[in-house]
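These figures come from a predicted structure and were not determined experimentally.
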Amino acid sequence: MNSISKGFARIPQVEQLLQEPEFSSYIHKLSRPMVLDAIRKVLADVRRSGVLSEPDAQAESINRTIYQGIHQQCCRLLQKRHQKVINATGTIVHTNLGRSPIQPAVWEAVSQVNTGQSNLEIKLSDGKRGQRKGLVDNLLAKLTGADDALVVNNNASSVYLMLNELAAGKEVIVSRGEQIQIGGGFRIPDMLALSGAKLVEVGTTNITTTDDYLEAVTDNTAMVLMVHTSNFAIRGFTESPDINELSRKLPDHVLLAVDQGSGLTTERFAAEETPVSSYIKSGADLVCFSGDKIMGGPQAGIVCGKRKLVQQLEKNPLMRVLRPGRVVYSLLEELLVRKLNKQPEGMGLAERVTHHPETIRDRAMSLISGMEEHLELVESQMIVGGGALPDEHFPSWNLELNDARPAKTVLSELRAMPVPVIGVIRNNRVQLNIASVLPQDLGGLKEQLQSYFSTGNPV
Ligand SMILES: *Cc1c(COP(=O)(O)O)cnc(C)c1O
């Protein structure tokens, strides 16, 4: 027998490791096959490392390496799982943190529709096959003042569907100041190319006038597309056309479509942000926006506008590709009813927090209480985010952690907490912006911070 096979005998068996009580919670959260893979990988690594063939190899220390390795592997996988986090970034609708949280009351109200069977595509009046929109189109029409509306998976889909149905093979006029990229990979010129429409650029980065648009119109023009520049603002000498005037002056064969983006409807934040209803009122034929930014709903794209056009869009075979499922429809429906009734549960998070800096201060103070030596209250700002009001900062309060270690280390320890906390670095210190922390998470955040400061350990 050579020394290597002697060494192999010291390695615990796969099955024995899988039975270990200390790994059972991983099976619960990751599934048995995933944990099995992790165990096999760690054992293979140990075999490959050569420690087994070392003459003085200690079973105990090899075992320790194996157990630690399995814990590490499984923790790495657990961190990848979708899970609740605490948003202390001060960006209320944060694209990396799931954008709009859905109000618990709204979520609970649709639980039965989604955990049972539903009337998704049957008309209860006559038992015939129905459409999946339910009341969503009527509710959206009430909210925006449009004739009709439809829902797709996200707002990128809205833009794509409008262009593909109404402008493929034709020209679409877009201002040079609005040929933007939003987040990861959504570029207006790319969307146009993909949809089969031809981009006609007009104006300059800062100035585009009504005449610029009108002069670019040809017989082959299908649409003027105006895009809300949702993640930056151009300051100073700027001009964009009056929608009212533009819609009046455009010839009949040219549609006016607006990608409004944020989904601002009844909410009031800042005068500069134009709500969907204003565009409709000013004569836009179609306006599209996201359901999970300011509106506070699930991920969705909404197109509202003239009935004939909305119905035309719905007949496009792409609708079969882009349509959402009942989870989205039912959540939107519930949210919209509450929004139209002006109930607090119908408000998006951004609307609920931006005008109450004193509430945020109170929350910050109650978090500090008992942890004064570790936390300090500092003035700060919050932004709405998610492509809305890029230039608008609202007052907020931060808690600065009194920790001399490198800020990046502290930040990553916060992310390793049982409910990961996502903070920010300011002046080389870690800060928690309290504006974006959900009220229902304050208690849990405080407990985690208390145990972190008392043990010096995130868990
Ligand atoms: C956010 C945004 C989009 C993309 O919307 P998704 O819902 O992320 O697909 C498109 N256009 C504008 C103007 C936006 O603000």
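- The two atoms that bring G261 and K293 nearest to each other are O-CD, 3.6 Å, heavy atoms only.
- Closest approach of M382 to A435, counting heavy atoms only: SD-CB, 3.6 Å.
- The number of heavy atoms from other shown groups lying within 6.0 Å of CD (E372) is above 12.
- Checked by atom type and distance alone, the side chain of H356 never pairs as donor or acceptor with a backbone atom of E358 at under 3.5 Å.
- Between the side chains of Q431 and E400, at least one donor N or O lies within less than 3.5 Å of an accepting N or O.
- Judged by distance alone, with hydrogens and angles left aside, the side-chain atoms of E178 form a donor-acceptor pair with the main-chain N or O of V227 at under 3.5 Å.
- Here the shortest heavy-atom pairing between A364 and I434 reads CB-CG1, 3.9 Å.
- A 4.5 Å side-chain heavy-atom check between E376 and I368 finds every atom pair outside the cut-off.
- For Q83, the CD atom counts as densely surrounded, since its 6.0 Å shell holds more than 12 non-hydrogen atoms of other residues, nucleotides or ligands.
- For the pair D45 and K41, the salt-bridge criterion is met [side-chain N within less than 4.0 Å of a carboxylate O].
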(request) Kindly indicate, with the supporting measurements, whether the criterion side-chain contact (heavy atoms from CB on, under 4.5 Å) is fulfilled by T65 and V51. (result) CA-CA 10 Å; T65 308; V51 290; over 6 Å; no
(request) Could you walk me through whether L192 and K198 pass side-chain contact (heavy atoms from CB on, under 4.5 Å), step by step? (result) CA-CA 7 Å; L192 267 133; K198 190 166 158 255; over 6 Å; no
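- Checking Y67 against E22 by side-chain atom types alone, no donor-acceptor pair falls below 3.5 Å.
- For the pair V421/V85, no side-chain contact is recorded, criterion being any heavy-atom separation below 4.5 Å from C-beta on.
- Under the 6.0 Å cut-off for aromatic ring centres, H71 and F23 qualify, their centroids lying closer than that.
- Two residues are said to be in side-chain contact when any heavy atoms from C-beta on lie closer than 4.5 Å; L78 and K29 meet this criterion.
- For E314 and K133, the salt-bridge test passes: some basic side-chain N is under 4.0 Å from an acidic carboxylate O.
- A donor-acceptor contact closer than 3.5 angstrom is absent between the side chains of E20 and Q16.
- If you take CE on M191 and CG on D259, they are separated by 9.0 Å, rounding to the nearest 0.5 Å.
- Between R268 and E351, none of the side-chain N atoms (NZ, or NE/NH1/NH2) sits under 4.0 Å from a carboxylate O, so this pair counts as no salt bridge.
- Heavy-atom neighbours of R176 CZ from other residues, nucleotides or ligands within 6.0 Å: above the threshold of 12.
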(request) Could you check S158 against N155 for side-chain hydrogen bond (donor to acceptor under 3.5 Å, both in side chains), going step by step and ending with a plain yes or no? (result) CA-CA 5 Å; S158 311; N155 193 37; 3.3 Å; yes
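- Remark: of the listed residues D137, V136, N138, V136 is the sole one forming a side-chain contact (heavy atoms from CB on, under 4.5 Å) with L140.
- Annotation: the span from Q448 atom CD to S451 atom OG amounts to 7.0 Å, rounded to 0.5 Å.
- Atom-to-atom distance recorded for L43:CG and I70:CD1 is 6.0 Å, nearest 0.5 angstrom.
- Shortest non-hydrogen contact noted between G305 and L286 is CA-CD2, 4.1 Å.
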(request) Take Q19 and E15 through the side-chain hydrogen bond (donor to acceptor under 3.5 Å, both in side chains) test and state the conclusion after the steps. (result) CA-CA 6 Å; Q19 303 288 341; E15 195 50 40; 2.9 Å; yes
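- Between M371 and F453 the shortest side-chain heavy-atom distance falls below 4.5 Å.
- When all heavy atoms of K446 and S369 are compared, the pair lying nearest together is NZ-O, 2.9 Å.
- The backbone N or O of M347 sits nowhere less than 3.5 Å from a side-chain atom of E267 that would complete a donor-acceptor pair.
- At least one donor-acceptor pair closer than 3.5 Å links the side chain of R326 to the backbone N or O of V113.
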(request) Go through E201 and Q179 one step at a time and tell me if the side-chain contact (heavy atoms from CB on, under 4.5 Å) criterion holds. (result) CA-CA 9 Å; E201 307 173 60; Q179 289 174 26; 3.2 Å; yes
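- The distance from the CD1 atom of I66 to the CD1 atom of I11 is 5.0 Å, given to the nearest 0.5 Å.
- Shown here is N341, whose CG atom has more than 12 heavy atoms of other residues, nucleotides or ligands within 6.0 Å.
- Note that CG of L150 is 7.5 Å distant from CG of D148, once rounded to the nearest 0.5 Å.
- The closest side-chain donor-acceptor pair between N433 and T89, if any, does not fall under 3.5 angstrom.
- Between the side chains of S380 and N398, at least one donor N or O sits under 3.5 Å from an acceptor N or O.
- For R405, the CZ atom counts as densely surrounded, since its 6.0 Å shell holds more than 12 non-hydrogen atoms of other residues, nucleotides or ligands.
- Within a 6.0 Å radius of CD in Q112, other residues, nucleotides and ligands contribute 12 heavy atoms or fewer.
- For the pair L332 and P298, the minimum side-chain heavy-atom distance is below 4.5 Å.
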(request) Begin from the C-alpha positions of S195 and N164 and carry the test side-chain hydrogen bond (donor to acceptor under 3.5 Å, both in side chains) through to its verdict. (result) CA-CA 5 Å; S195 70; N164 179 269; 5.9 Å; no
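- Checked for salt-bridge contact, D403 and R429 miss the test: no charged N lies under 4.0 Å from a carboxylate O.
- Judged purely by atom type and a 3.5 angstrom limit, S278 has no side-chain atom pairing as donor or acceptor with the backbone of T274.
- A donor-acceptor pair under 3.5 Å links the side-chain atoms of S175 to the main chain of G177, judged by distance alone.
- Between E333 and L139 there is a side-chain heavy-atom pair separated by less than 4.5 Å.
- Considering only heavy atoms from C-beta on, L377 comes within 4.5 Å of R361 through its side chain.
- Looking at heavy atoms from C-beta onward, I27 lies out of side-chain contact with M34 at the 4.5 angstrom threshold.
- Checked by atom type and distance alone, the side chain of S436 pairs as donor or acceptor with a backbone atom of N87 at under 3.5 Å.
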(request) Before giving the answer on side-chain contact (heavy atoms from CB on, under 4.5 Å), spell out for F289 and I294 the whole-Å C-alpha distance, their side-chain angles and the decisive distance to 0.1 Å. (result) CA-CA 10 Å; F289 52 95; I294 299 237; over 6 Å; no
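- In this structure, CD1 on I383 lies 12.5 Å from OG1 on T354, to the nearest 0.5 angstrom.
- Salt-bridge formation is detected for the pair E121/R323: a Lys NZ or Arg NE/NH1/NH2 atom is positioned less than 4.0 Å from an Asp or Glu carboxylate oxygen.
- Judged by distance alone, the side chains of D292 and S100 never bring a donor and an acceptor atom under 3.5 Å apart.
- Side-chain contact annotation: Y279 with Q260, donor-acceptor N/O pair under 3.5 Å absent.
- Nearest heavy atom pair, residue P189 against residue L199, reads CB-CD2, 4.1 Å.
- For the 3.5 Å distance criterion, the side chains of S157 and N154 qualify, holding a donor opposite an acceptor.
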